[in-house]
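Residue numbers run from 1 in the order of the sequence given.
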Amino acid sequence: MNATQAGDRTGAHTDEAATEITGARERIDDLDGRIIALVQERMAVSSRIQQARIASGGRRVNLAREMEILARYRDHLGRPGTTLAMTLLELCRGRA
């Protein structure tokens, strides 16, 4: 691949930069796959918790616990962490 082709695919201006970007993108794709698998696992665990809570006469959602999770993500990732946590909680709440 020449520098022009490299720039077309990666935005890089040299073959060396294109190679580095391509390798880093492969790593990101791998990480994204692992994150998706972990989110799916989290959804399954959350479902089991909700089922146990409902079976014992409790509510499906524990708002105090959700506030703890929001705070943890905010503390570790800053303000965008809250948005990420909200999305995870929404995914894991399941259907009413």
J.: Checking the side chain of Thr19 only, and the main-chain atoms of Asp15 only, is there a donor and an acceptor separated by less than 3.5 Å?
T.: yes
J.: Who else is in the cluster with Met67 when I, L, V, M, F, W and Y are joined by side-chain contacts under 4.5 Å?
T.: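 Noted: Met67 shares its cluster with Ile35, Val39, Met43, Ile69, Leu70, Tyr73, Leu77, Leu84, Met86, Leu88, Leu89, Leu91.
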J.: Could you tell me the separation between the CD atom of Gln40 and the SG atom of Cys92, rounded to the nearest 0.5 Å?
T.: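 Those atoms lie 10.5 Å apart.
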J.: With distance as the sole test, does Glu26 use its side chain to make a donor-acceptor pair with the main-chain N or O of Ile21 at under 3.5 Å?
T.: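 No, the answer is negative, given that no donor and acceptor are paired below the 3.5 Å cut-off.
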J.: For Arg27 and Asp30, run salt bridge (charged side-chain N to carboxylate O under 4.0 Å, His left out): C-alpha distance rounded to whole Å, both residues' side-chain angles, the deciding distance at 0.1 Å, then the answer.
T.: CA-CA 5 Å; Arg27 178 77 174 124; Asp30 176 62; 3.4 Å; yes
J.: According to salt bridge (charged side-chain N to carboxylate O under 4.0 Å, His left out), who are the partners of Glu68, at least two apart in sequence or on a separate chain?
T.: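 Partners of Glu68 under the salt bridge (charged side-chain N to carboxylate O under 4.0 Å, His left out) test: Arg65.
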J.: Distance-only, no hydrogens or angles: does the Arg60 side chain make a donor-acceptor pair with backbone N or O of Arg93 under 3.5 Å?
T.: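 The answer is yes, because a donor-acceptor pair under 3.5 Å joins these two groups.
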J.: How long is the straight-line distance from CD of Glu90 back to CD of Glu66, given to the nearest 0.5 Å?
T.: 10.5 Å
J.: Any chance you could measure Gln51, atom CD, to Ile54, atom CD1, to the nearest 0.5 Å?
T.: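 Taking CD in Gln51 and CD1 in Ile54, the distance rounds to 7.5 Å.
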J.: Verify, without hydrogens or angle tests, whether Thr10 (side chain) and Ala18 (backbone) share a donor-acceptor contact under 3.5 angstrom.
T.: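 It does not hold such a pair.
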